[in-house]
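In what follows, chains carry the letters A, B, and so on, assigned in the order in which the sequence lines appear, proteins first and then strands, with residues in each chain numbered from 1. Given the structure is predicted, the values throughout are model-derived calculations rather than measurements.
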Protein chains: 2
Amino acid sequence: MPTPYHHGSLRDSLLEAGRRQLLEEGVASLTLRGLAKRVGVSHSAPLRHFDDRDALLDAIAAAGFAELISELESAAGLSSLRARLTQYARAHARFALESGPLLELMFSVGPGGGAAEESAARFFALGGELLGERADRESGPLPYLLAATLEGIGSLVASGRLPVERVDEVVDEAVSMLLPAVEARLSS
Amino acid sequence: MPTPYHHGSLRDSLLEAGRRQLLEEGVASLTLRGLAKRVGVSHSAPLRHFDDRDALLDAIAAAGFAELISELESAAGLSSLRARLTQYARAHARFALESGPLLELMFSVGPGGGAAEESAARFFALGGELLGERADRESGPLPYLLAATLEGIGSLVASGRLPVERVDEVVDEAVSMLLPAVEARLSS
DNA sequence: CACATATGTAGACGGTGACTACATTGGTGC
DNA sequence: GCACCAATGTAGTCACCGTCTACATATGTG
């Protein structure tokens with residue numbers, strides 16, 4: 001039989017199809033019914049796996065954070081602080097370039113959300129680690145500033161207002177600006 | 001007669017009602033029909049003034065940029081560069097705090113848009129002026145970095161991930177970081 | 001192998017954007 | 001003045017969407 005009654009991995013298929021739809025046609029085009037048709041199930045089948053459309057978006061965003069985090073972690077091994085920061089920032093910018101609408105979704109889902117918010121917390125914690133934040137002292141403004149700068153660059157990239165060929169230049173300038181403050185913080 | 005056939009200023013009323021709806025209930029709650037009802041016209045009347053829902057959002061975003069720009073211009077008169085930068089950044093952060101969803105809308109409408117994109121261009125030009133950019137030489141990465149940093153902070157503020165009581169601290173740190181690079185650029 | 005549960009289907013309902021045809025108004029040229 | 005026309009608002013309609021409910025089928029556990 002070509003299409004068994006039970007799909008088998010409908011949840012994953014919906015997440016993947018949703019991700020594709022998001023990246024290709026934008027978040028507005030992402031409808032539960034459209035995804036259902038695309039995956040080959042009835043129009044209400046997605047509701048068995050996601051309470052509503054927002055829950056699906058939340059799950060897609062959570063997966064996006066996981067993906068972003070795994071790319072950012074490529075910076076952890078590098079020896080110098082500058083190299084780590086640069087690699088971290090470049091990975092973030094690259095993600096924005098390749099998955100703009102997804103990044104936009106990830107940062108538009110505010111706190112109070114579900115799974116995405118947990119993943120977001122890990123993302124912010126990762127930035128803190130990069131800056132040498134420790135639990136035994138108060139965190140300064142730097143983690144926020146790092147996150148803001150990267151997210152801002154990502155937003156400009158995703159919206160196309162920052163030309164692709166100038167991304168590296170801006171990222172490098174950002175790192176050069178952040179570095180002194182981070183070094184001061186680390187040596188204190 | 002209480003309700004004349006012609007509203008008289010329907011376009012403005014829709015913009016204002018749309019702005020209120022956006023700020024109070026979020027962009028998802030903003031529907032043409034809801035606005036029409038709220039303003040007291042028939043469900044299809046808004047289409048006489050806006051081609052579609054996106055056109056309305058675009059117009060609201062354009063008005064938002066005009067508003068933001070007028071607040072940012074309060075920094076132009078200050079004497080020291082640091083004071084100008086600080087005032088500029090604080091005004092931006094305050095706007096994010098008071099009109100988060102509007103700011104989010106303004107920066108989610110990518111280029112290729114209509115009226116909003118013109119206003120956005122003036123916004124970016126204003127940042128360039130603050131940094132002493134001139135038409136007679138190529139612009140460096142600084143204008144982008146300034147815009148990215150402020151937009152990133154604004155996004156964190158609007159989403160609630162940056163606690164309100166820490167906004168000033170982060171803004172000041174951002175200014176302190178940007179300042180040396182800007183001074184170097186200006187004196188060259 | 002019975003039966004509870006998870007998963008998928010089919011139909012319905014109200015809300016929404018957008019299109020069309022029609023009604024009313026205000027301004028312009030004569 | 002006034003005939004005409006473009007601008008503005010109305011009413012009806014259609015397809016699409018999210019979501020709910022009742023029902024069908026598969027799965028796995030005692």
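Using cut-offs of 30° and 60° for the angle between ring planes, the B:F123 and B:H92 rings count as tilted.
Aromatic pair B:F107/B:F65: ring centres closer than 6.0 Å.
Of the charged side-chain nitrogens involved, at least one lies within less than 4.0 Å of a carboxylate oxygen, so that A:E117 and B:R161 count as a salt-bridged pair. Salt bridge annotation for A:R19-A:E16: absent, with no cationic side-chain nitrogen under 4.0 angstrom from a carboxylate oxygen.
Residues from residues 24-53 of chain A that place a heavy atom under 4.0 Å from any atom of DNA chain C, listed by number: A:R33, A:V41, A:S42, A:H43, A:S44, A:A45, A:R48, A:H49. Against DNA chain D, the stretch residues 9-22 of chain B makes heavy-atom approaches under 4.0 Å through B:L10.
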Donor-acceptor pairs under 3.5 Å, side chain of residues 76-86 of chain A to any protein atom, not counting sequence neighbours: which ones?
from: A:S80; atom 1: OG; to: A:A83; atom 2: N; distance (Å): 2.9
from: A:R82; atom 1: NH2; to: A:S176; atom 2: OG; distance (Å): 2.5
from: A:R84; atom 1: NH1; to: A:L78; atom 2: O; distance (Å): 3.0
from: A:R84; atom 1: NH1; to: A:S79; atom 2: O; distance (Å): 2.8
from: A:T86; atom 1: OG1; to: A:R82; atom 2: O; distance (Å): 2.8

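Residue-environment remark: CG (A:D51) stays at or below the threshold of 12 foreign heavy atoms within 6.0 Å.
Although no hydrogens or angles enter the test, the distance criterion places a donor-acceptor pair under 3.5 Å between the side chain of B:R53 and the main chain of B:L30. Distance alone, capped at 3.5 Å, places no donor-acceptor pair between the B:S9 side chain and the B:D12 backbone.
At its two ends the helix from C:dC1-D:dG30 to C:dC30-D:dG1 runs along axes set 10° apart, each axis drawn from five pairs and the angle rounded to 10°.
For residues 21-30 of chain A, the salt bridge (Lys or Arg N to Asp or Glu O under 4.0 Å) pairs, not counting sequence neighbours, are A:R20-A:E24, A:E24-A:R38.
By the salt bridge (Lys or Arg N to Asp or Glu O under 4.0 Å) test, A:E183 pairs with no residue at all, sequence neighbours left out.
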